[in-house]
Number of protein chains: 2
Amino acid sequence: MRLLPHPATEDIQLTEVLRALSDPVRLEIVTRLAVHKEMTCSDAGDELGVHKSTASHHYRTLREAGVVLTRQEGRLKIMSLRRDDLDARFPGLLDSVLSAAHVNA
Amino acid sequence: MRLLPHPATEDIQLTEVLRALSDPVRLEIVTRLAVHKEMTCSDAGDELGVHKSTASHHYRTLREAGVVLTRQEGRLKIMSLRRDDLDARFPGLLDSVLSAAHVNA
DNA sequence: CGTACGATTTGATCGTTGTCAAACAATAAA
DNA sequence: TTTATTGTTTGACAACGATCAAATCGTACG
């Protein structure tokens, strides 16, 4: 079970998180992760309406911004929200965004 | 005392607000507005370190996203945060962003 | 009216970004 | 080892965005 490179919690930048969340496709990914806890990239991409390479680009953006954590299991890559890390760094931010996006966070 | 065109509260879009706040210069403007309540564009621009036309572009972006309200008094334009509108539409969002930006909201 | 002031607009430049398509890589399964 | 599955990477392209400089606009004041 490998982990892809992620920024440390203290290196997560507010403007980068906001930027990552400001794209509709990425916000959709995040709201789904809020509901399903974990998702494979394949599942996430199925209903996004963009090419898989585009989806992959968004996964990377979210990961590099520190919003999601990605681990590899077999040939699957599994994403999850970095809830605790984000809450520690920017208290209340993720919750308010999720509730603003009509997700029962 | 004239008002410039602004989006109605119900037309404020989450992704546009996040996008507006994701630029360091604009986030700086917003954090100053959180402290000073009202600012002329001239005052705001003085310490931003960008050309006044660049600053003007950011004012417009914030206004069109529904983050700030701009009114004209004489030859001054005065900006203020749309706190109530943003709170009504996206409860807690602005506060969490401001506190994340180290502002005693 | 002419001048100064405050701010926007326009034009140019340069980097970034969202997108698709096609090629590639890595892992699992037959 | 061949094949299928899962994602990533690369390349190309169009759109956007941040920036500065110069011109412009609107308002107030001599």
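Lettering of chains follows the sequences in order, A, B, ..., and the numbering in each one begins at 1.
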Base-paired stretches in DNA chain D with three or more consecutive Watson-Crick or G-U pairs, both distances under 3.5 Å, amount to C:1-30 with D:1-30
Which residues share a side-chain contact (heavy atoms from CB on, under 4.5 Å) with E64(B), sequence neighbours left out
R60(B)
Residues in side chain to side chain donor-acceptor pair (under 3.5 Å) contact with S53(A), at least two apart in sequence or another chain:
H51(A)
Figure out the CG/P separation between L4(A) and dG7(D), and round it to whole Å.
12 Å
Starting from the 5' end of DNA chain C, give me the residue, G74(A) or K77(B), whose nearest nucleotide shows up first.
K77(B)
Once you apply a heavy-atom cut-off of 4.0 Å, does S42(A) come out as touching a base, just sugar-phosphate, or nothing?
sugar-phosphate
With E38(A), which residues qualify under side chain to side chain donor-acceptor pair (under 3.5 Å), at least two apart?
R71(A)
Walking DNA chain D from its 5' end, the first of R60(A) and R75(A) to be reached, judged by nearest nucleotide, is R75(A)
Measure the distance from CE on M39(A) to C1' on dT6(D) and round it to the nearest whole Å.
15 Å
Spacing of E16(B) atom CD relative to dC16(D) atom P, expressed in whole Å:
13 Å
Which residues share a salt bridge (charged side-chain N to carboxylate O under 4.0 Å, His left out) with R75(B), sequence neighbours left out
none
Identify, with sequence neighbours excluded, every residue that meets salt bridge (charged side-chain N to carboxylate O under 4.0 Å, His left out) alongside E10(B).
none
Using a cut-off of under 3.5 Å, enumerate the N/O to N/O pairs linking the protein to nucleotides 17-19 of chain D.
| unit_1 | atom_1 | unit_2 | atom_2 | d |
| --- | --- | --- | --- | --- |
| dA18(D) | OP1 | R26(B) | NH1 | 3.3 |
| dA18(D) | OP1 | R26(B) | NH2 | 2.9 |
| dA18(D) | OP2 | R26(B) | NH1 | 3.4 |
| dA18(D) | OP2 | H57(B) | NE2 | 2.7 |
| dT19(D) | OP2 | H58(B) | NE2 | 2.5 |

Results of salt bridge (charged side-chain N to carboxylate O under 4.0 Å, His left out) for E16(A) - residues two or more places apart only:
none
Provide the start and end nucleotides, 5' to 3', of the part of DNA chain C that has atoms under 4.0 Å from heavy atoms of chain A.
dT17(C) to dA29(C)
I need the CD-C1' distance between Q72(B) and dG26(D), as an integer number of Å.
7 Å
Can you name the side-chain contact (heavy atoms from CB on, under 4.5 Å) partners of S22(B), sequence neighbours left out?
L18(A), R19(A), R19(B)
Side chain to side chain donor-acceptor pair (under 3.5 Å) with S96(A): which residues, sequence neighbours excluded?
S96(B)
Heavy-atom pair of closest approach, residues V17(A) and A65(A)
CG2-O, 3.7 Å
Whole-Å distance between dG7(D) P and L48(A) CG?
12 Å
What integer distance in Å separates I78(A):CD1 from dT6(D):P?
12 Å
Can you list the residues that meet the salt bridge (charged side-chain N to carboxylate O under 4.0 Å, His left out) rule with D85(A), with sequence neighbours excluded?
R82(A)
Correct closest heavy-atom pair for I12(B) and R89(B) would be O-NE, 2.7 Å
Think K52(A) has a side-chain N or O under 4.0 angstrom from the OP1 or OP2 of dT8(D)?
no
